[in-house]
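Take a look at the structure below.
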Amino acid sequence: MEALPELYAIFQGEVATVTEYGAFIRIPGCRRQGLVHKTHMSACRVDKPSEIVDVGDKVWVKLIGKEMKDDKLKLSLSMKVVNQGTGKDLDPNNVSLDQDERKKRTFRDYTSQKITLEAVLNTVCKKCGCKGHFAKECFVQPGGIKYSLIPEEEEEEVAAAGHEREKKTSLADSSSKKRKK
């Protein structure tokens, strides 16, 4: 096996090929090449890697990743964390590399997941215990009336029962008003 540079090692390599998604760099001392993706070419946005590098250019790169995929070793390189004039490491603690990785991991595509009525009906508020909403959307004051979503079949029965409760509470309110006078 060839001697590969250590992870996060900086070296000067030669551009072997340029593609629309990045550039392949020859690693000195071995026959392998590593990819500098266009997102790692510059701190600025790069649309066409051919505008940044040409075949045969010498560039300073940092080895930022080694991955075994389909029995092949894939090497990821970065130019943006290395000063291209001196070869000095601009990110010695790999902070910006960690931030880039976190940005990639935190993005999730929820467009394929559909919310169904059953899912809404089955959610339970942790604040009031009622179904159909979350605690952050809860409008109940402590000691207040609790409301929840009801399925359509029971709607008429519950509405009639609610009417009875309203009558009782209005009678109780009117009797308490009479006592206050």
Counting only pairs under 3.5 Å, give me each side-chain donor-acceptor contact of residues 10-20, with atom names and distances, residues two or more places apart or in other chains.
{"unit_1": "E14", "atom_1": "OE2", "unit_2": "R26", "atom_2": "NH1", "d": "3.4"}
{"unit_1": "T19", "atom_1": "OG1", "unit_2": "Y21", "atom_2": "N", "d": "3.3"}
{"unit_1": "T19", "atom_1": "OG1", "unit_2": "G22", "atom_2": "N", "d": "3.2"}
{"unit_1": "T19", "atom_1": "OG1", "unit_2": "G22", "atom_2": "O", "d": "3.0"}

I need the [X] [atom1] to [Y] [atom2] distance, nearest 0.5 Å.
X   : Y   : atom1 : atom2 : result
L97 : S76 : CG    : OG    : 10.5 Å
L75 : R32 : CG    : CZ    : 6.5 Å
N93 : Y8  : CG    : OH    : 11.0 Å

Subject >> Contact check, side chains of N94 and K62, non-hydrogen atoms, under 4.5 Å >> reply: yes
Original post:
Do the non-hydrogen side-chain atoms of L63 and L77 ever get within less than 4.5 Å of each other?
Top reply: yes
Original post:
So does E6 have more than 12 non-hydrogen atoms from other groups sitting under 6.0 Å from CD?
Top reply: no
Original post:
Tell me the side chain to side chain donor-acceptor pair (under 3.5 Å) pairs involving residues 79-88, sequence neighbours left out?
Top reply: K80-D100
**OP:** Taking side-chain hydrogen bond (donor to acceptor under 3.5 Å, both in side chains) as the test, write out the residues that go with S42, two or more places apart.
**Re:** none
Ignoring hydrogens, what is the shortest heavy-atom contact between [X] and [Y]? Give both atom names and the distance.
X   : Y   : answer
S96 : V81 : OG-CG1, 3.6 Å
D47 : K38 : O-NZ, 3.8 Å
L4  : K66 : CB-NZ, 4.3 Å
G65 : L7  : N-CD1, 3.6 Å

Original post:
Other than V95, what residues sit in its cluster of Ile, Leu, Val, Met, Phe, Trp and Tyr side chains whose heavy atoms are under 4.5 Å apart, directly or through others?
Top reply: none
Original post:
For K72, which residues count as a side-chain contact (heavy atoms from CB on, under 4.5 Å) partner, sequence neighbours excluded?
Top reply: none
**OP:** Taking salt bridge (Lys or Arg N to Asp or Glu O under 4.0 Å) as the test, write out the residues that go with D71, two or more places apart.
**Re:** none
Subject >> Same apolar cluster (I L V M F W Y, side chains within < 4.5 Å links), I25/L73 >> reply: yes
Original post:
Hey, any chance M79 and I27 share a hydrophobic cluster, counting ILVMFWY side chains that come within less than 4.5 Å of each other, even indirectly?
Top reply: yes
Show me the donor-acceptor pairs within less than 3.5 Å that the side chains of residues 49-59 make with the rest of the protein, sequence neighbours left out.
{"unit_1": "D57", "atom_1": "OD2", "unit_2": "D54", "atom_2": "N", "d": "2.8"}

